[in-house]
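Single-structure report; data block below.
Atoms within a ligand are numbered from 1 in the order they appear, just like the ligands themselves. Sequential numbering from 1 along the given sequence is applied to the chain's residues.
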Amino acid sequence: MLTIGVLASGRGSNLQSIIDSKQVGELPVEIAVVISDKSQARALSRARHHGIKAVHIDPGACTDREFEDKMLEYLHEYGVELVVMAGFMRLLSPYFIGNYRHRIMNIHPSLLPAFKGLNAQKQALDYGVRYSGCTVHFADEGMDSGPIILQAVVPVKQTDTEESLSQRILKEEHRLYPRAIKLFAGGKLEVEQGKVFIKD
Ligand code: GRF
């Protein structure tokens with residue numbers, strides 16, 4: 001079974017969707033460890049609630065390199081094969097990415113490459129697009145960049161607020177992330193020249 005580690009900074013609803021998919025037998029993975037840079041992250045309490053090892057690493061107490069080394073220590077200790085970023089609010093360095101090349105996934109609440117960075121849903125609303133959505137991709141050295149694995153599209157309504165659009169997108173995020181992880185677990189993802197090919 002594929003061993004995954006989750007990096008999260010906040011609410012942890014995507015982590016929850018992964019835990020739930022596993023529990024109903026749809027996702028053949030072991031969630032070995034959840035790591036957060038925020039001691040109060042709800043993701044950590046969700047992990048503990050499900051008996052998953054939950055670790056806080058304080059970025060204020062060390063250099064960026066030491067922070068990443070501590071994360072890598074845990075990931076190696078727990079035999080993590082795939083790193084899943086679920087609302088992790090820090091940019092990973094080329095050093096970290098190099099340790100897990102094409103084995104780090106991220107989810108972003110827009111149709112990348114549009115609306116990278118913070119407040120992607122507000123950016124979409126402000127721009128006036130008719131459709132937005134979410135993207136699961138392999139992380140590379142850039143922010144919200146790297147080969148795209150799956151995307152889901154949602155309509156943007158004229159009456160939408162940031163909150164209502166975020167909710168509609170989040171619902172799709174919770175379906176999309178487990179699907180992408182399942183494809184990886186099944187050995188179905190191949191990266192060639194910066195693009196992901198999904199094998200039958
Ligand atoms: C999600 O919208 C995700 O796309 C973005 O951060 C948010 C995390 O939410 N990267 P949660 O912590 O999983 O609830």
Side-chain angles (χ1 to χ4, degrees), residues 4-23 26-27 29 31 33-50 52 54-57 59 71 82-92 96-97 100 104-127 129 131-156 160-184 196:
I4 70 170
V6 178
L7 312 183
S9 299
R11 178 176 62 177
S13 70
N14 277 288
L15 166 66
Q16 191 66 53
S17 76
I18 295 164
I19 293 172
D20 292 347
S21 298
K22 176 184 162 51
Q23 281 190 341
E26 275 171 18
L27 191 55
V29 298
I31 309 165
V33 60
V34 173
I35 301 175
S36 183
D37 56 331
K38 299 270 192 277
S39 62
Q40 298 305 314
R42 188 149 169 236
L44 288 178
S45 47
R46 288 183 198 264
R48 285 189 202 105
H49 181 72
H50 291 277
I52 300 166
V55 179
H56 167 237
I57 303 173
M71 288 206 295
L82 175 70
V83 178
V84 174
M85 289 202 278
F88 188 62
M89 301 307 283
R90 294 175 63 88
L91 193 59
L92 297 171
F96 187 98
I97 301 278
Y100 273 95
I104 305 171
M105 279 187 192
N106 184 41
I107 189 160
H108 185 73
S110 77
L111 295 175
L112 290 173
F115 312 129
K116 295 177 177 180
L118 291 176
N119 308 318
Q121 303 93 335
K122 181 169 187 305
Q123 292 184 53
L125 272 183
D126 289 349
Y127 198 94
V129 291
Y131 292 92
S132 189
C134 49
T135 303
V136 177
H137 63 97
F138 285 118
D140 69 9
E141 287 79 0
M143 188 185 41
D144 299 322
S145 72
I148 289 172
I149 301 166
L150 292 175
Q151 294 185 303
V153 177
V154 308
V156 180
D160 264 334
T161 60
E162 189 181 349
E163 177 60 26
S164 63
L165 179 59
S166 299
Q167 276 307 319
R168 194 175 307 120
I169 293 174
L170 192 63
K171 212 172 148 199
E172 291 303 316
E173 291 185 41
H174 295 161
R175 288 151 39 97
L176 204 66
Y177 222 172
R179 276 180 53 210
I181 296 167
K182 188 174 180 177
L183 287 171
F184 186 97
V196 174

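Judged by distance alone, the side chain of Glu172 and the main-chain N or O of Val153 form no donor-acceptor pair under 3.5 Å. Looking only at distances, no side-chain donor or acceptor of Ser132 sits under 3.5 Å from a matching main-chain atom of Ser110. A distance-only check finds no donor-acceptor pair linking the side chain of Glu173 to the backbone of Ala152 [under 3.5 Å]. Judged by distance alone, the side chain of Ser166 and the main-chain N or O of Glu162 form a donor-acceptor pair under 3.5 Å.
Listed by atom number, the atoms of ligand 1 under 4.0 Å from Gly12 heavy atoms are 11 (P), 12 (O), 13 (O), 14 (O).
Taking atom 6 (O) of ligand 1 as the reference point, the nearest protein heavy-atom neighbour is Gly87 CA, 3.6 Å. Of all protein heavy atoms, the one closest to atom 9 (O) of ligand 1 is Arg11 NH2, 3.1 Å. Taking atom 4 (O) of ligand 1 as the reference point, the nearest protein heavy-atom neighbour is Glu173 OE1, 2.7 Å. Taking atom 10 (N) of ligand 1 as the reference point, the nearest protein heavy-atom neighbour is Ile107 O, 3.0 Å. When hydrogens are left out, the protein atom nearest atom 11 (P) of ligand 1 is Ser13 N, 3.4 Å; that is the closest non-hydrogen contact.
Here the CG atom belonging to Asn14 is positioned 9.5 Å from the CG atom belonging to Asn106, to the nearest 0.5 angstrom. Rounding to the nearest 0.5 angstrom, the gap separating the CG atom in Leu27 from the CD1 atom in Ile18 is 7.5 Å.
Polar contact with ligand 1: absent for Ala86 (N/O pair, distance under 3.5 Å). Geometrically, ligand 1 and Leu15 share no nitrogen or oxygen pair separated by less than 3.5 Å.
Contact analysis puts Pro109 in contact with ligand 1, with a non-hydrogen atom separation below 4.0 angstrom.
Put simply, the side chain of Ile19 reaches to within 4.5 Å of the side chain of Ile52, judged on heavy atoms.
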